[in-house]
**Q** 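Okay, handing you the structure first.
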Amino acid sequence: GEKKAIVKDIEKKQFKQQPPFPFDLTTLQIESYRCHKIQPKETLDIAQNLYLSGVISYPRTSSQQYPPSIGYKKILSSLAKNNIYKDKANKILSRSSIKPNDGKKTDPAHPAIYPTGNFSEFGGRDQKVFDLIVKRFLATFGDSATRESATITLDIKDEMFLSKGTRTVEKGWHELYEPYVKLEEQTLPAVEKGEEVNIKKIDQLKKETQPPKRYTPASIIKELEKRGLGTKSTRAAIVDTLFQRGYAIGPPIEATELGIHTIQTIEKYCASIVDEQLTKEFEEED
């Protein structure tokens, strides 16, 4: 029933958020699903069409690095001729140093996915995936963003309560990747230590440990990559086959009775077929 609280302590921490890595095929599929709910296989098909149209590089790659040989300034100058990307591209070109935030993953055959600087007439989902690729390319050259987390400790009759929030102080690369940056912004009111504040509401939370979330088409592809199953070109097709044969429904992905009985039967009579190690050996020999 208390209506007043005393600000016992204020703790603020700022941290840098590095620009994202360039797209490899898996991260493009994951991001395309997150931002546009486009299925991984469709993302691959769209990316292949964009490649054949000459507007992006070869999409079937595991690399998260842009070699200087692709010509950063040449691509950025071409993008700057398009009104949609003009301001963002010129902002990067005005810098004394132009260097992407490369990831660790490499691919000896192909660099990370990048826009070539060419444009073609297309719309719908093709345009959405193309825009995502262009803005990811731009964002990798951006400055680090600065975020600030704040925790206010409130004393209510010698009982301590916490109020937490996180906000963006400097957008940095966020401006280059809009509207695909999805971060919670919760700014706490400006208060001082020892100040008396009014109590509007106190939440008493009672939580239980939750089971892990079901896979989405994007997250299961990430898991397949983590386990070394399939290839960058086949993982989307593998997941798509589960749905086509009626083994799974979703998203989120849920095994059907047919799928469950099928796997149980195989495990009972020929367990080696579903052994991950066997699959890895087949792919290494291929």
Side-chain angles (χ1 to χ4, degrees), residues 20-64 103 105 107 109-116 120-140 177-183 211-260 262-263 274 276 279 283:
F21 297 145
F23 274 145
D24 64 343
L25 177 58
T26 300
T27 50
L28 170 61
Q29 289 171 318
I30 292 170
E31 197 74 343
S32 181
Y33 184 81
R34 180 185 72 86
C35 299
H36 300 305
K37 290 296 181 281
I38 300 176
Q39 298 291 336
K41 187 176 184 305
E42 185 181 356
T43 295
L44 175 56
D45 292 341
I46 290 171
Q48 182 68 19
N49 288 335
L50 295 176
Y51 165 67
L52 293 174
S53 298
V55 297
I56 69 167
S57 62
Y58 190 68
R60 290 177 170 86
T61 176
S62 298
S63 177
Q64 292 180 320
K105 292 167 61 178
D107 186 326
H110 304 283
I113 302 168
Y114 62 89
T116 61
S120 184
E121 290 292 329
F122 41 72
R125 295 189 166 217
D126 288 36
Q127 177 60 37
K128 288 180 178 180
V129 173
F130 176 71
D131 184 69
L132 184 62
I133 291 170
V134 173
K135 288 180 178 173
R136 181 66 163 231
F137 175 78
L138 295 170
T140 64
Y177 202 43
E178 291 175 344
Y180 304 120
V181 180
K182 304 294 183 183
L183 294 170
K213 291 182 179 179
R214 292 188 183 275
Y215 286 117
T216 65
S219 65
I220 198 169
I221 284 177
K222 186 176 182 180
E223 184 68 21
L224 288 173
E225 182 183 50
K226 181 180 175 182
R227 297 190 185 194
L229 300 173
T231 68
K232 52 185 174 287
S233 301
T234 63
R235 290 181 188 116
I238 290 169
V239 175
D240 193 53
T241 299
L242 297 179
F243 290 98
Q244 289 182 4
R245 295 181 179 174
Y247 296 153
I249 56 174
I253 297 175
E254 184 175 350
T256 62
E257 281 193 43
L258 174 61
I260 293 170
T262 300
I263 198 72
V274 291
E276 287 186 12
T279 302
E283 291 184 352

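Keep in mind the model is a prediction, meaning the values are calculated, not measured. Because only heavy atoms are used, hydrogens play no part in the values below, and waters and symmetry mates are left out as well, while side chains stay in.
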**Q** For Phe243, check ring-ring contact (aromatic ring centres under 6.0 Å, His included) against everything at least two apart and list the hits.
**A** none
**Q** Test of understanding: with salt bridge (Lys or Arg N to Asp or Glu O under 4.0 Å), list the residues that count as partners of Arg136, not counting sequence neighbours.
**A** Glu31
**Q** Taking NZ in Lys222 as the centre, count heavy atoms belonging to other residues, nucleotides or ligands within less than 6.0 Å. Is the count above 12?
**A** no
**Q** Of the options Leu132, Leu28, Ile221, Ile30, which is the one that meets Thr43 in a side-chain contact (heavy atoms from CB on, under 4.5 Å)?
**A** Leu28
**Q** Any side-chain heavy-atom pair from Arg214 and Ile253 closer than 4.5 angstrom?
**A** no
**Q** Validate the cation-pi geometry between Lys37 and Tyr33: distance from NZ or CZ to the six-membered ring centre under 6.0 Å, angle to the ring axis within 45°.
**A** yes
**Q** Would a distance-only check, ignoring hydrogens and angles, find a side-chain to backbone donor-acceptor pair under 3.5 Å from Arg34 to Tyr180?
**A** yes
**Q** Would you compute the distance between atom CD1 of Ile238 and atom CG of Leu242 and round it to the nearest 0.5 angstrom?
**A** 8.5 Å
**Q** List for me each residue that meets side chain to side chain contact (heavy atoms under 4.5 Å, CB included) alongside Thr241, sequence neighbours excluded, and say none if there are none.
**A** Arg245
**Q** Under the salt bridge (Lys or Arg N to Asp or Glu O under 4.0 Å) rule, collect the residues that match up with Glu178, sequence neighbours excluded.
**A** Lys171
**Q** Going by the salt bridge (charged side-chain N to carboxylate O under 4.0 Å, His left out) test, which pairs reach into residues 50-59, not counting sequence neighbours?
**A** none
**Q** Using every non-hydrogen atom in the two residues, find where Pro40 and Gln29 come nearest and quote the distance to one decimal.
**A** O-NE2, 3.2 Å
**Q** Does Phe23 offer a backbone N or O that forms a donor-acceptor pair with the side chain of Thr27 under 3.5 Å?
**A** no
**Q** List in chain and number order the residues that pass side chain to side chain donor-acceptor pair (under 3.5 Å) with Thr256, two or more places apart in sequence or in another chain; answer none if no residue qualifies.
**A** none
**Q** Ignoring hydrogens, what is the shortest heavy-atom contact between Val129 and Ser32? Give both atom names and the distance.
**A** CG2-OG, 3.9 Å
**Q** Go through the structure and list residues passing side chain to side chain contact (heavy atoms under 4.5 Å, CB included) with Arg227, not counting sequence neighbours.
**A** Tyr215, Glu223, Leu229, Glu276
**Q** Do the side chains of Leu138 and Tyr177 get nearer than 4.5 Å, heavy atoms only?
**A** no
**Q** Could you tell me if the side chain of His36 sits less than 4.5 Å from the side chain of Arg125, heavy atoms only?
**A** no
**Q** If the condition is side chain to side chain contact (heavy atoms under 4.5 Å, CB included), which residues does Ser57 pass it with, not counting sequence neighbours?
**A** Ile113, Tyr114
**Q** For the residue pair His110 and Tyr58, categorise the inter-ring angle as parallel (less than 30°), tilted (30 to 60°) or perpendicular (more than 60°).
**A** tilted
**Q** What side-chain donor-acceptor pairs closer than 3.5 Å can you find for residues 44-55, not counting sequence neighbours?
**A**
unit_1 : atom_1 : unit_2 : atom_2 : d
Asp45  : OD2    : Lys41  : NZ     : 3.4
Gln48  : OE1    : Arg60  : NH1    : 2.6
Asn49  : ND2    : Asp45  : O      : 3.4
Ser53  : OG     : Asn49  : O      : 2.9

**Q** Within a strict 4.5 Å, meaning less than it, do heavy atoms of the Lys135 and Pro179 side chains meet?
**A** yes
**Q** Which residues pass the side chain to side chain contact (heavy atoms under 4.5 Å, CB included) test with Phe21, not counting sequence neighbours?
**A** Gln64, Asn101
**Q** Which residues pass the side chain to side chain donor-acceptor pair (under 3.5 Å) test with Ser63, sequence neighbours left out?
**A** none
**Q** Who are the salt bridge (Lys or Arg N to Asp or Glu O under 4.0 Å) partners of Lys232, not counting sequence neighbours?
**A** Asp107
